[in-house]
There are 2 protein chains.
Amino acid sequence: MADEIHFKILRLLEADPHVSQRQLSDELGVSLGKVNYCLRALVEKGLLKANNFKNHKNKSAYAYLLTPSGIQERASLARRFLKIKMAEYERLKKEIEELGLESSKDKS
Amino acid sequence: MADEIHFKILRLLEADPHVSQRQLSDELGVSLGKVNYCLRALVEKGLLKANNFKNHKNKSAYAYLLTPSGIQERASLARRFLKIKMAEYERLKKEIEELGLESSKDKS
DNA sequence: ATCCCCCGTTCATTCATTGAACGCATACTC
DNA sequence: GAGTATGCGTTCAATGAATGAACGGGGGAT
């Protein structure tokens, strides 16, 4: 799923709007460029608003605030990924069972 | 993991050496080119031997036979992926729990 | 012979991703 | 003041994985 990254970004920013792009990059294990690209997309979609307030500490960074529709979308994505993850979980369980059989079998 | 595809190929070919590259491509959900590339690598490593026997049906295809070390490697990969998958499984279980909490929470 | 289907092989193209480099703002030291 | 170190967001050339259309050829059927 391509926009799992979008979901994760929304989740992190909802928890703390002051996370920098580099922090997101580290946390999510993707490149800085990609984070920037995704943020741009999220702002474009109106899910995120980038307020510049320089009065915060020594940062010239933005605060990435979720818009109302951003909050809504984030919740909706959470539900969607819950379903997806549960399906993955089942698939994985089956895979593990098969592997378990294989790796414990004898030669004839 | 990059060589999960290698493992899956070995598994399928051990079950039936007469699977064509296109069938592998379909089954594994990867491109024909990639299957070809992987087979080449497996032969190179000595895990697979491509015997051409044209007497089979109307096929001019190979039979991809696992060498002894191919069989051994396949078993070893099975054990390795069993561990990996179980770790994934645990991670996923946690993720699902978190998502479950999120998507059932009320607004203040 | 021709036609058709499937085989393995190739490789130019596509596409996502990277990370080094840039300009800018702030804070600190001399 | 000037210098400089650190953090920020932004950019974009380069990388590398993956694709799939196209090719040559073998074998059966007509």
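Atoms considered below: every heavy atom in the structure, side chains included; atoms not considered: hydrogens, waters and symmetry mates. Here is the naming used below: chain letters follow the sequence lines, and residue numbers restart at 1 for every chain.
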Distance check needed: [N] [atom2] versus [X] [atom1], whole Å only.
X: A/Leu28; N: C/dT17; atom1: CG; atom2: C1'; value: 14 Å
X: B/His18; N: C/dC6; atom1: NE2; atom2: P; value: 18 Å
X: A/Leu24; N: D/dC8; atom1: CG; atom2: C1'; value: 13 Å
X: A/Leu39; N: C/dT17; atom1: CG; atom2: C1'; value: 16 Å
X: A/Gln23; N: D/dT6; atom1: CD; atom2: P; value: 17 Å
X: A/Tyr37; N: D/dT11; atom1: OH; atom2: P; value: 13 Å

Are any of [X]'s side-chain N or O atoms less than 4.0 Å away from OP1 or OP2 of [N]?
X: B/Gln21; N: C/dT9; answer: yes
X: A/Tyr62; N: D/dT10; answer: yes
X: B/Asn36; N: C/dG8; answer: no
X: B/Tyr64; N: C/dG8; answer: yes

Can you tell me if A/Thr67 uses its side chain to pair, donor with acceptor, with the backbone of A/Lys49 under 3.5 Å?
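Pair absent, no side-chain N/O of A/Thr67 close to backbone of A/Lys49.
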Reported NZ-to-CD1 distance for the pair A/Lys85 and B/Ile96, which is rounded to 0.5 angstrom:
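CD1 of B/Ile96 is found 8.0 Å from NZ of A/Lys85.
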How does protein contact run along nucleotides 14-22 of chain D, one letter per nucleotide 5' to 3', with B for base contact, S for sugar-phosphate only, - for none, heavy atoms under 4.0 Å?
----SBB-B
Minimum heavy-atom distance [X]-[Y], with the two atoms named:
X: B/Gln21; Y: B/Val35; value: O-CG1, 3.8 Å
X: A/Gln23; Y: A/His18; value: OE1-O, 4.0 Å
X: B/Leu10; Y: B/Gly70; value: CD1-O, 4.3 Å
X: A/Leu32; Y: A/Ser25; value: N-OG, 3.6 Å

Give me the bend of the helix from C/dA1-D/dT30 to C/dC30-D/dG1, using the axes of the five pairs at each end, rounded to 10°.
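If I round to tens, the end axes sit 10° apart.
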Would B/Leu12 and B/Leu77 show up in the same hydrophobic cluster when neighbours are defined by side-chain heavy atoms closer than 4.5 Å?
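Per the 4.5 Å side-chain linkage, B/Leu12 and B/Leu77 are co-clustered.
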Is the closest side-chain donor-acceptor distance between A/Tyr89 and B/Glu88 under 3.5 Å?
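Absent: no donor and acceptor within the cut-off.
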Establish, from distance only, whether the side-chain atoms of A/Glu14 and A/Tyr64 form a donor-acceptor pair under 3.5 Å.
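On atom types as modelled, these side chains do not qualify, holding no pair under 3.5 Å.
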